[in-house]
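To start, the structure itself, in structure tokens.
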Amino acid sequence: MNAYMAYKVSTRTSLAMFKSKTFFVRRRFSDFLGLYEKLSVKQSLHGCVIPPPPEKSVVGMTKVKVGMDDPSSVEFVERRRGALERYLQRVVSHPTLLQDPDVREFLEREELPRAVNTQALSGAGFLKMINKASDAVNKMTIKMNESDTWFEDKFQEVESEEQQLRKLHVVVDSLVNHRKELCMNTAVFAKSMAMLGNSEDNTALSRALSQLAEVEDKMEQLHQEKAANDFFVLGELLSDYIRLLGAVRGCFDQRIRVWQRWQEAQSTLQKKREAEAKLLWANKPDKLQQAKDEITEKEKVKDFKSHIIKYLESMLQSEQRVIKFWEAFLPEAKAVA
Amino acid sequence: MTYPQPFRSVGAMMQEGLDDGPDFLSEEDRGPRAVNVDLQTDATLQVDISDALSERDKVKFTVHTKSSLPNFKQNEFSVVRQHEEFIWLHDSFVENEEYAGYIIPPAPPRPDFDASREKLQKLGEGEGSMTKEEFTKMKQELEAEYLAIFKKTVAMHEVFLCRVAAHPVLRKDLNFHVFLEYGQDLSVRGKNKKEKLEDFFKNVVKSADGVLVAGVKDVDDFFEHEKTFLLEYHTRVKDASAKSDRMIRSHKNAADDINRIASTLYTLGTQDGTELCKFFLKVSELFEKTRKIEARVAADEDLKLADLLKYYLRESQAAKDLLYRRSRALVDYENANKALDKARAKNRDVLQAETSQQICCNKFDKISESAKQELIDFKTRRVSAFRKNLVELAELELKHAKGNLQLLQSCLGVLKGNT
């Protein structure tokens, strides 16, 4: 299957380093992944929190590629689009990353060389998997003595926050499912009421019951929108943050790895290496100072706030519509003799 | 985890630390609590359930009567009755041939707290896995649910008694007076296995019979129309009742989820005093309030819509039973006619056949006459009950939606203002 989904990335900027003020390019999903790969291996960016891209989904993409026109694939593409947008916005709002030539190239260059090593089933992919596995094993065997209490605290904080967010995400998921269920049940109920209205022989009551059926139908649509709202705004926001926190932990892990290398150097007593590693280690706190600032509250607060405000505003609109529906129904009900 | 002390009735329960703000239970105020039925209350005989006690696995209702009728020793008195005694009274009406021509008010359903108790038990088992706040909140909610079920069962038992009291003929029934007045336990033991089996077979025969009888076209247009109407109506009400229950359950589930979101946000918010955490706390508060409103919406829908449908499901069944009895009487009458003809032809036992035919004829006529009036009354009651409940439902939905709107507006105002 050679078909793929291309996403349009438009940029508007006043920064001098870009060639023009507004421009757009087309990128495919693997390009986004490629950008992440490039950024994460760069030494110069070690210690920075690199925002992670959305996850790959073979099933989802296959459905879309096969051209299946059902609502779930539309939803999938919409989710992905939103996630990619948020991903890019986080990348460019990071001052260091914005300076990076790869990022600029991603935004500007017309044709980007295919990021081959992002394919799950490629040679590079396998290599990555093996590396990840060995990393995990390493983590388990070496326990680092944390000397800097700031890191200790922050790590705990991050862990507990991630736990809470995961819990929240689970509950939001459950809410979405229940709303979808409510949707279905309301639709079924509306039909049943309509039938009842039909068999009722008092005409005024019959009309009132049919009206009730219509109101319930409208409520069903509302519920559907609410569910979508819950899902897209809240659920996705949470997933993003959970992944972000995962990236933060990645930072901590990097630090541990560097320490490990330092320990190894110490144990082989190769003075030169030790000096080099010590130097590297000395640089770490600097970079991690950056990390400290990145985990700053301001960005997070603004992001969370704007999303939740959006969510609440749409809730407001639904309530207004609910009011309209029931106000229209009331006179009908009263008209029953 | 055992369930706490006996629950007292509506009056006392209102003060038992329920939600702040407009209590959704306050829609049901004191006085003739004719929830689903529109009754003219009559000064000569007023019955209500003034109190109720829930113990272990039974509910004790205090039936309070006010009457100026000479049949009673006093003008005002109360007795304590249990569910089985209500059923006994209902069955005595059904088995009484004299009342064959009336719609017997449907028996109240058995008080069923099993589901609620199960949930409470599960909560007790899962106590270790959730925070203190979550646990207290869920416990409060389950208690509120228990309360609501309790209130409903009281209302349904009361409606049964009120219907009997309002019926011109049934209110004079001797068993009814004994039920209302006799101070001691009526010692009506529940049906034992043999009797339950008999009942089961009786029902099977009746439904088979019912099918046969339904097939016979009635000479009288009015009854023919009623039969067709009732059969269809009953099926549709049954369907609507089941679907409304499912819808309301989903609604409650969604409200529960919002509750859990609120608690998790609260936990997130209490981690430290940063701006983000303060923000979380505010949002958690909002969700908490929204959940209360959503729960009330579900409860009101339950009360005004689901209960209404359930009640008319039972009443339409009672109306169908009436039609069945009439058809049976008709069949008996026709058989008696045939027997009379045969007797006349053979010129044997003619007098006997004549008498029995006369009896059947009278019975049939009597049933037909009262049945007609009963069915007309049924229609009037039904229309007015639906009207009342639909209007109240719409008004409550509006009230809650407006409340929710206000809540959201004020919260958004605060949140936006802080940016």
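Values below: all heavy atoms of this structure, side chains included; hydrogens, waters and symmetry mates excluded.
- Interface residue B/Ile261: backbone and side-chain heavy atoms are both found under 4.5 Å from chain A.
- Only the side chain of B/Thr290 comes within contact range of chain A, with at least one heavy atom under 4.5 Å from a heavy atom of that chain.
- Residues from residues 251-259 of chain B that place a non-hydrogen atom less than 4.5 Å from a non-hydrogen atom of chain A comprise B/His251, B/Asn253, B/Ala254, B/Asp257, B/Ile258, given in numerical order.
- Side-chain contact between B/Leu393 and A/Phe329: absent, with no pair of heavy atoms (C-beta onward) separated by less than 4.5 Å.
- Within a 6.0 Å radius of NZ in B/Lys119, other residues, nucleotides and ligands contribute 12 heavy atoms or fewer.
- If you measure heavy-atom distances from B/Leu407 to chain A, you find no contacts under 4.5 Å at all.
- Judged purely by atom type and a 3.5 angstrom limit, B/Arg236 uses its side chain to pair as donor or acceptor with the backbone of A/Met195.
- In A/Glu313, the CD atom is crowded: over 12 heavy atoms of neighbouring residues, nucleotides or ligands sit closer than 6.0 Å.
- Counting non-hydrogen atoms of other residues, nucleotides and ligands closer than 6.0 Å to OH of B/Tyr266 gives a total of 12 or fewer.
- Heavy-atom contacts from other residues, nucleotides or ligands closer than 6.0 Å to CD of B/Gln406 number 12 or fewer.
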Note to self: If you apply the rule side-chain contact (heavy atoms from CB on, under 4.5 Å), what do you find for B/Asn404 with A/Leu316, and how did you get there?
What the structure shows: CA-CA 8 Å; B/Asn404 219 359; A/Leu316 201 98; over 6 Å; no
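- The stretch residues 172-179 of chain A places A/Val172, A/Ser174, A/Leu175, A/His178, A/Arg179 near chain B, each with some heavy atom under 4.5 Å from a heavy atom of that chain.
- A/Asp201 and B/Arg382 are joined by a salt bridge, as a carboxylate oxygen and a charged side-chain nitrogen come within less than 4.0 angstrom of each other.
- Contact annotation for B/Tyr233: both backbone and side-chain heavy atoms come within less than 4.5 Å of a heavy atom of chain A.
- For B/Lys238, the NZ atom sits in a loose shell: 12 or fewer heavy atoms of surrounding residues, nucleotides or ligands are nearer than 6.0 Å.
- Heavy-atom pairs under 4.5 Å with chain A were tallied for B/Lys379, B/Glu397, B/Arg249, B/Glu232; the largest tally goes to B/Glu397.
- Side-chain contact between B/Lys243 and A/Asn185 is absent, with no heavy-atom pair separated by less than 4.5 Å.
- For B/Ile248, no part sits under 4.5 Å from any heavy atom of chain A, backbone or side chain.
- A/Gln163 does not touch chain B: none of its heavy atoms, backbone or side chain, sits under 4.5 Å away.
- Both the backbone and the side chain of B/Val391 have a heavy atom closer than 4.5 Å to some heavy atom of chain A.
- We find that B/Lys402 and A/Glu327 are joined by a salt bridge, their nearest charged nitrogen and carboxylate oxygen being less than 4.0 Å apart.
- Around CD of B/Gln409, the count of heavy atoms belonging to other residues, nucleotides or ligands within 6.0 Å exceeds 12.
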